[in-house]
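Any value given below was found using the heavy atoms of this structure, including those in side chains, with hydrogens, waters and symmetry copies removed.
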Amino acid sequence: MQTDQILILAILAATVAMFLWGRWRHDLVAGAALMACVGVGVVAPDQAFAGFGHPAVITVACVLVLSRGLQTSGAVDALARVALPDKAGPMLSIAALTLLAAVLSGFMNNVGALALLMPVALQIARKRKLAPGQVLMPLAFGSILGGMTTLIGTPPNLIVSGFRASNGQAPFSMFDFSPVGVAVAAAGVLLIAIGGWKLVPVRREAAAAGFDPGAYLTEVRVPEGSRAVGKTLAEIEQSLDKHEAQVLGMVQSEFRVHAPHPSRVVRAGDVLVIEADADTLSDLLSGLGLKLEEDVRPSDDAARQSETDERDEAAAVATLAEVLHGRASTDRNDASDTNDGDDRADSGEKRKDDDRRTPHADIILQEIAVLPGSGLAGRSATELDLRTRYSINVLAISRAGRRSLARLRSQPFQEGDLLLVQGTQDAISGFSAQFGGVPLAERALRIPDRRKAITATLVLALAIAATAFGVLPAAVAFALGVVASMALRTVPPREVYEAVDWPVIVLLAALIPVAGAMESTGTADLLARGLFDSVAQGQPVLGLVLVMVVTMTLSDLMNNAATAAVMCPIAVGAANTLGVNADPYLMAVAVGASCAFLTPIGHQNNTLILGPGGFRFGDYWRLGLPVQLLVLAVSIPLLLRFWPL
């Protein structure tokens, strides 16, 4: 064994040990390994950072950005409404959810797919009276299985494809992974749906997924073309039941109606006062085609004057409004005062705001808590001129179980209120500091935008088509997709860099030169020869099984991208040692690296469900082991069929 081989093996052993220990982040360990390789001379200094320009790394970053466009535009929410059954038993609900996760993961980042569907999974668990983990683990496993079906589904596939290209062959195409990946994913989803989900330990003490402020009171407008137009309130409330929301009141023909009769018909231009959790607002808005009443662009000087005129006009309506309010119950009268006169005279400016309703590209949604002694207490959004002076919209208010049915913009804030506000980060921070509010977590609420959803889907579809038909290399096609997304504002420029998972990018870029050093020094061939001569004993099929089992084992203990980068040179070396085609061995690495089902640390998706599902470290193998054995049994014959030795 030569000196450079001993050095690279020592660095590799230390790197794997650090990955398994988990004391430091994967990207830090990978960077240290790269610097060590440069230091001992097995990687040339001028090639140390070549990995950052590698097509696989560029493609991963671009896919993450395009996935963000699908998330924020509401495209995936629309698909979920169509694909998931409203009324079904636990088995059918879990099957549909797991299948949807697998399909989405084939064309977008699988972590993003899981994050999008987790709220849906928790709703299904509540409605079907299941433990959260019984739905979350099938969802996570489905998203992992779906990633192995296409080139862009998961980073290991891109690494395997790039490694093939570095060996002088053409990279794998978009759907080269599909014959084996689709069959394996389908078998896994079927196993999970038929009864695998029953193997998941029941942990009902699940940790909260995040800060839960309770129900918000918000106003939504019924636009022309909404599915709510022409329906009675009773029909609308049936649709709202699945979102655990309810209609508390409405504004129709310039007047507010408390506790409207269920038979009242909703018309275009009506405003509904709805109580709902902030996390369900996106589905609610998309399902009925509604718009948040206060979701408008910050107004200019002309709009400011319009609002002033509006308040003066509405004063004449106040008296009649008070008469109508007098018919309501006493507790509601106490909560509604002459501020009701602030109701907008909708017929006078029916849609003056239509041209201002397009959300600003760089806005965020954030919660603000009203502290005791805050300058917000006792003042409403109208009195503060939030929209005109501070470029902030108040979309909803949460008030610790106490309701006020005054219009949202005229409702005086109280100490302890939580406000869901919309605006730029600077505007919200400055406003909070001035008035003594505390900004809480930024909300991941997606306000549906049908045009942007269609545009984001088309951009991704065109990038996939350009790659699949060989028009452009994958990295170039998806980079053009990112440029188009920025130009069309489906992904605001401010969010482009936030969408990229930089630790994963650094991990990939750092390990690619390390893997190259294993190849160039002959270390990969040395390892493969020793392993496969002693275990596989010259049998190619047994060698293929061994490659997949070793890859699966490593993937359960360390990052799947790192596993693929380490195993690719070993797999090629094994194929060369046995004198067979290297493609099935590389495909075995791709499948094995995507099969991290035994631990919560092998894949980010397993880690994401650890808290919300209330899981323990040893809970994953109960469902994960059957899935992993099934993947092995299904994939080996298919690899030999589609990628002959």
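Rounding to the nearest 0.5 Å gives a distance of 8.5 Å between CG of Leu158 and CZ of Phe478. In this structure, CD1 in Ile124 is found 10.0 Å from CG in Leu136, a value given to the nearest 0.5 Å. Annotation: the span from Leu460 atom CG to Ile152 atom CD1 amounts to 5.5 Å, rounded to 0.5 Å. Leu145 contributes atom CG, which lies 11.0 Å from atom CG of Leu99 (distance to the nearest 0.5 angstrom). Note that the CG atom of Leu598 and the CE atom of Met552 stand 9.0 Å from one another [nearest 0.5 Å]. Taking CD of Gln434 as the start and CG of Leu376 as the end, the distance is 9.5 Å to the nearest 0.5 Å.
Here the shortest heavy-atom pairing between Ser485 and Leu66 reads OG-CD2, 3.2 Å. When every heavy atom of Val43 is checked against every heavy atom of Ala48, the shortest pair comes out as CG1-CA, 4.1 Å. The shortest non-hydrogen separation linking Thr551 to Met567 is OG1-CE, 3.5 Å. Closest approach of Asn560 and Ser555 over heavy atoms only: CB-OG, 3.7 Å. Contact detail for Val189 and Ala102: the closest heavy-atom pair is CG2-CB, 4.2 Å. For the pair Cys37 and Val514, the tightest heavy-atom approach, listed with the atom from each and the gap, is SG-CG2, 4.0 Å.
Taking 4.5 Å as the limit, some side-chain heavy atom of Tyr620 sits within range of a side-chain heavy atom of Met137. Residues Asp176 and Leu151 are not in side-chain contact: their nearest non-hydrogen atoms beyond the backbone lie 4.5 Å or more apart.
Asp619 meets the salt bridge (Lys or Arg N to Asp or Glu O under 4.0 Å) test with Arg203; sequence neighbours excluded. Residues that satisfy the side chain to side chain donor-acceptor pair (under 3.5 Å) test with Thr154, not counting sequence neighbours, are absent from this structure. Among residues two or more places apart in sequence or in another chain, the side chain to side chain donor-acceptor pair (under 3.5 Å) test is passed with Gln47 by none.
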Notebook entry, point to check: Run the side-chain contact (heavy atoms from CB on, under 4.5 Å) check on Leu384 and Arg389 step by step: do they pass?
Noted result: CA-CA 8 Å; Leu384 293 168; Arg389 293 177 59 192; 5.8 Å; no

Note to self: Let's go through Phe175 and Ile464 carefully: what are the C-alpha distance in whole Å and the side-chain angles of both, what is the deciding distance for side-chain contact (heavy atoms from CB on, under 4.5 Å) to 0.1 Å, and is it a yes or a no?
What the structure shows: CA-CA 10 Å; Phe175 298 109; Ile464 291 172; 4.2 Å; yes

Next item on the list: May I have the step-by-step check of side-chain contact (heavy atoms from CB on, under 4.5 Å) for Phe163 and Val589, ending in yes or no?
Entry: CA-CA 11 Å; Phe163 193 85; Val589 171; over 6 Å; no

Item checked: Worked check of side-chain contact (heavy atoms from CB on, under 4.5 Å) between Arg221 and Ser226 -> CA-CA 10 Å; Arg221 179 170 291 276; Ser226 166; over 6 Å; no

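Proximity of a side-chain donor or acceptor of Ser161 to a complementary backbone N or O of Asn157 within less than 3.5 Å is not detected. Of the possible donor and acceptor atoms, one in the side chain of Ser178 sits under 3.5 Å from a partner among the backbone N and O of Thr149. Under the 3.5 Å distance criterion, the side-chain polar atoms of Asp27 are left unmatched by any main-chain donor or acceptor of Val506. Side-chain atoms of Thr455 come within 3.5 Å of backbone N or O of Arg451 as a donor-acceptor pair. Within the 3.5 Å criterion, the main-chain N or O of Ala140 finds no donor-acceptor partner in the side chain of Asn606. With hydrogens and angles ignored, the 3.5 Å screen pairs no side-chain donor or acceptor of Ser105 with any backbone N or O of Gly147.
In this structure, Trp502 and Tyr497 have parallel ring planes: the angle between them is below the 30° cut-off, well short of the 60° mark.
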